[in-house]
Amino acid sequence: MPELPEIETVSRALRPNITGLTVQQVVKRREKLRMPIPNLEFLVGQTVLGTDRRSKYLIINFEHGQLLVHLGMSGFLHWASPTDEVGKHDHWEMRFTDGQILRLRDHRRFGCVLWQPKDTIHDALTHLGPEPLEEAFTTEILKQQIGKKGSPIKTVIMDASVVVGVGNIYANEALFHSKIDPHSKASDLSDAHLEKLVIAIKFVLSEGIRLGGATLRDYHSVDGSDGLFAQFTKVYGRAGQECLVCKSTIQSEMLGQRNTFWCPKCQKKIVKKTSGKGSKQKIKK
DNA sequence: ACGTGATCCTGGAAGC
DNA sequence: TGCTTCCAGGATCACG
């Protein structure tokens with residue numbers, strides 16, 4: 001389940017190895033992932049200038065544009081040599097003139113490969129909200145993005161048009177760290193709550209990156225990755241277990257079709273009271 | 001305009 | 001043991 005920290009980790013790891021390589025061949029073994037893979041034969045002879053990330057898209061830079069690779073939830077890139085066997089779910093690859101092959105494997109096929117010509121923005125990226133780890137992502141910006149949205153705050157922060165890169169695991173964890181009940185209506189949050197939430201989102205994503213993408217749970221288990229995942233999550237996947245802070249039982253429930261975990265004691269449901277003149281924020285148990 | 005929920009896909013876990 | 005059912009997830013689309 002690659003989320004923002006995993007993509008950032010992949011981008012950083014890939015950069016020194018791929019930069020400067022020249023494409024010899026592009027091989028498409030399956031036409032359709034989540035979206036059709038475009039024909040990219042025009043990349044032959046072009047040299048990789050570097051890698052980047054926008055939202056959960058890995059960006060591979062070329063002189064005439066950018067290759068956007070989304071790993072969906074089960075996708076990953078791996079290096080191969082010409083003699084390596086092609087896996088059942090190796091759907092696409094770039095071969096370079098030095099003999100290395102970069103393969104996209106994605107058994108659930110939720111990923112996609114897109115091309116974005118220079119100085120244009122692909123349709124898939126136009127509606128995206130701010131990057132959570134940039135300084136420009138502030139309490140004020142989050143407040144603007146939320147506007148009058150009355151949905152549960154957890155659903156709202158997972159909406160990529162509000163802020164990108166906050167997947168289910170990080171949404172659960174960020175709400176735990178900010179002590180906000182996931183059911184709270186987004187528009188009911190005060191500036192103080194939003195400030196805590198912004199700090200928590202930045203914190204959990206940064207921690208994810210620091211741990212090299214800790215949430216690679218159903219990833220091919222490289223030794224120790226499971227341990228990192230368990231060490232990272234305070235509420236996600238811990239329904240029925242003790243809260244690590246207060247020992248209350250962690251609750252779980254489907255919210256917005258996603259499994260949601262929270263501590264009923266540490267996390268308070270926020271309800272805005274609109275009695276009489278003006279409105280006051282009140283924290284309700 | 002906004003909110004909700006179905007859909008895509010498949011390996012592995014859980015249940016019978 | 002072997003079969004079936006369920007679950008995970010992000011993005012998109014249809015509908016109310």
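Lettering follows sequence order; numbering is per chain, from 1.
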Handout entry: Presence of salt bridge, Glu93(A) and Lys28(A), under 4.0 angstrom
Key = no

Practice task
Measure the distance from CG on Leu125(A) to P on dG10(C) and round it to the nearest whole Å.
Solution key: 17 Å

Exercise for the section: Nearest whole angstrom, please: distance from the P of dA11(C) to the NE2 of His127(A). Expected result: 7 Å

Exercise for the section: Specify the separation, in whole Å, of atom CG of Asp159(A) and atom C1' of dC2(B). Expected result: 11 Å

Handout entry: Parallel, tilted or perpendicular, as decided by the 30° and 60° cut-offs, for the rings of Trp115(A) and Phe62(A)
Key = tilted

Exercise for the section: Side chain of Asn259(A) only, please: which of dT12(C), dG10(C), dA8(C) is the nearest? Expected result: dA8(C)

Completion exercise
Here the distance between atom P of dT12(C) and atom CG of Leu33(A), to the nearest Å, is 14 Å

Practice task
Before accepting this row, confirm whether a basic side-chain N of the pair Glu207(A)/Arg210(A) lies closer than 4.0 Å to the acidic partner's carboxylate O.
Solution key: yes

Handout entry: Side-chain donor/acceptor of Thr120(A) to backbone N/O of Gln116(A), under 3.5 Å
Key = no

Problem - d(CG, Asp123(A); P, dT12(C)) in whole Å - result: 10 Å

Problem - Per-nucleotide protein contact string for nucleotides 4-12 of chain B, where B marks a base within reach and S marks sugar-phosphate only (heavy atoms under 4.0 Å, - for neither) - result: SBB-BBBS-

Problem - Distance, rounded to the nearest Å, where Lys149(A) contributes NZ and dA1(B) contributes P - result: 12 Å

Practice task
Could you tell me whether Arg105(A) and Asp90(A) have a side-chain N and a carboxylate O separated by less than 4.0 Å?
Solution key: yes

Problem - Terminal axes of the helix from dC2(B)-dG16(C) to dC16(B)-dG2(C) (five pairs each): angle between them, nearest 10 degrees - result: 60°

Problem - Integer-rounded Å distance: dG3(B) C1' and His183(A) NE2 - result: 16 Å

Exercise for the section: Scan Thr51(A), Thr47(A), Asp52(A) and name whichever one has a side-chain contact (heavy atoms from CB on, under 4.5 Å) with Asn61(A). Expected result: Asp52(A)

Completion exercise
Given the options Phe232(A), Phe203(A), Tyr170(A), His177(A) meets ring-ring contact (aromatic ring centres under 6.0 Å, His included) only with Phe203(A)

Practice task
May I ask you to decide if the ring planes of His78(A) and Phe76(A) are parallel, tilted or perpendicular, using 30° and 60° as cut-offs?
Solution key: tilted

Problem - Pair Glu63(A) + Lys118(A), salt bridge at N-O below 4.0 Å - result: no

Completion exercise
Rounded to whole Å, the CD1-P distance (Ile146(A) to dG3(B)) equals 11 Å

